[in-house]
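In what follows, every chain begins at residue 1, and chains take the letters A, B, ... in the order their sequences are listed. All heavy atoms count here, side chains included; hydrogens, waters and symmetry mates do not.
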There are 2 protein chains.
Amino acid sequence: MIEPQIVEPDAASETETAILEAARDLLAAGGREALSMRAVASKVGLSATAIYHWFEGKEALVDRVVLHGFRRSEAYMWKAIEDLPPGSMDRVAALGEAYIRFALENREYFKIIFAIQTPVPRHIDDVPGQGGYRVLRQCVIEAMEAENIRRTDPDVVVLYLWSVVHGLVTIFMACDPKDLLAETGCCDELDEEELTIGLFGRFRELVRVGLEPAAARGGGDDA
Amino acid sequence: MIEPQIVEPDAASETETAILEAARDLLAAGGREALSMRAVASKVGLSATAIYHWFEGKEALVDRVVLHGFRRSEAYMWKAIEDLPPGSMDRVAALGEAYIRFALENREYFKIIFAIQTPVPRHIDDVPGQGGYRVLRQCVIEAMEAENIRRTDPDVVVLYLWSVVHGLVTIFMACDPKDLLAETGCCDELDEEELTIGLFGRFRELVRVGLEPAAARGGGDDA
DNA sequence: GCGTTAGGTTAACACTGTTACATTAACGCC
DNA sequence: GGCGTTAATGTAACAGTGTTAACCTAACGC
């Protein structure tokens, strides 16, 4: 059994947390471009250069804000599965739904994490994967042991599941969902989040069947 | 049968195309932040303000570059399926692989398209979906008619397939794949693109089974 | 009391996108 | 030929950016 290991935020000075909060608000409101050192400074009541005493530069400041977002997302994931039976597909599905909900409710965090301004990909520990990835991985392994998912390379399955939800979220952040589903007609009067979750629900059946052990399908052609 | 409808690029002046090429190069080299009006100008041999005679501003310039990227991606997709039999799953898979290859070989285009700097999602016609989405949609419908995909809402299937490949690509652009697959060990000595394609190959089986018509699975529990 | 450090300041540099305005050349028109 | 108009470019400048250098001030250890 895995346990939530949420690292306590490093004990920070009042000024430091004030800067971080101001930065978070600016980031959430208008994205990376809206976060200027001078804007942060004036929110906190300091001069812009004072921030450099607490953070190496803008990049480092953004990184710290994002790191905080990771921790929140990790907690969000843990909460999503805590009441569900280990090894069940419900747990896997709940993680997917939590991922989507967190992404849509914390768009700016999410965008910045995957904005990929840096040409070099980050280390996994610096991405919401850290918490989320490992939780999902554990759930998948448990589901395999419970014969709810066919036995195969768990990393492949984890990345597959992650791709589905991550792809859905990022596509819907870039394109208007109602545009894509215009002909399906299932979308009016739903807000974006419910629409995305609804679509995720439709995906679940496709995913479940694909991951089913061969026994459940009456055949034996598993690889 | 659908035909490639690649819109000819609007006849542009020499200066205009020179600006666009310079902008494209800068964008590809260092992302949106590396594209400054002055840098573009000096590459073309003009003053920065001259660009404003051809483009409304930086945003418009970037948009035009991206638009050009869309057209290339559309052509890329068409080429990927032209020799494969309509209605086959091979066509669907080839589109997925083409999407991945194009994204990885044109990272900067791709990043910018999905960078989502604008808070409001774009219209579908302004996203690589335009070409790619419709091609994929048609291929899915044909595969349904050929009984290679279970009959259900095609838009759901299309978005599902798109999510899988798009998610995979964006995750691998943000995180180091070798990090994620460290324990699987299938990654050494492969470059990133081949690794991604290889993983996509592993996904295909999961996706194929999930989309199979009920008849092929020996059961009758389709919805 | 003195040195050191933490926490802050102002001034300045080298950039950025963008605008206002002036310039030059080419064209149609009478 | 001269005139007006327009296309295409230039210079100067503005307001904003991240960042650095240098300076100040209060608190602390010794």
Counting any heavy atom closer than 4.0 Å, what does A50(A) reach on the DNA or RNA strands: base, sugar-phosphate only, or nothing?
-> base
So which nucleotide from dA6(C), dA7(D), dT19(D) ends up closest to the side chain of R38(A)?
-> dT19(D)
Considering just the side-chain nitrogens and oxygens of S47(A), establish if one lies under 4.0 Å of OP1 or OP2 belonging to dT9(C).
-> yes
Look at the aromatic rings of F110(B) and H166(B) and report parallel, tilted or perpendicular, splitting at 30° and 60°.
-> tilted
Looking at the side chain of K58(A), which of dT9(C), dT9(D), dG18(D) is the nearest nucleotide?
-> dG18(D)
Closest to the S36(A) side chain: dA13(D), dT9(D), dG18(D)?
-> dG18(D)
Within the structure shown, what part of the strands sits under 4.0 Å from T15(A) by heavy-atom distance: base, sugar-phosphate, or nothing?
-> sugar-phosphate
What does L61(A) touch in the nucleic acid at a heavy-atom separation under 4.0 angstrom: a base, only the sugar-phosphate, or nothing?
-> nothing
Is there a donor N/O on one and an acceptor N/O on the other, under 3.5 Å, for the side chain of T49(A) and the base of dT19(D)?
-> no
Check whether any side-chain nitrogen or oxygen of W54(B) sits under 4.0 Å from OP1 or OP2 of dA7(D), and answer yes or no.
-> no
Using a 4.5 Å cut-off on heavy atoms from C-beta on, say whether the side chain of W162(B) contacts that of L168(A).
-> no
Output the single nucleotide from dG8(C), dT20(D), dT19(C) whose closest atom is nearest the side chain of Y52(A).
-> dT20(D)
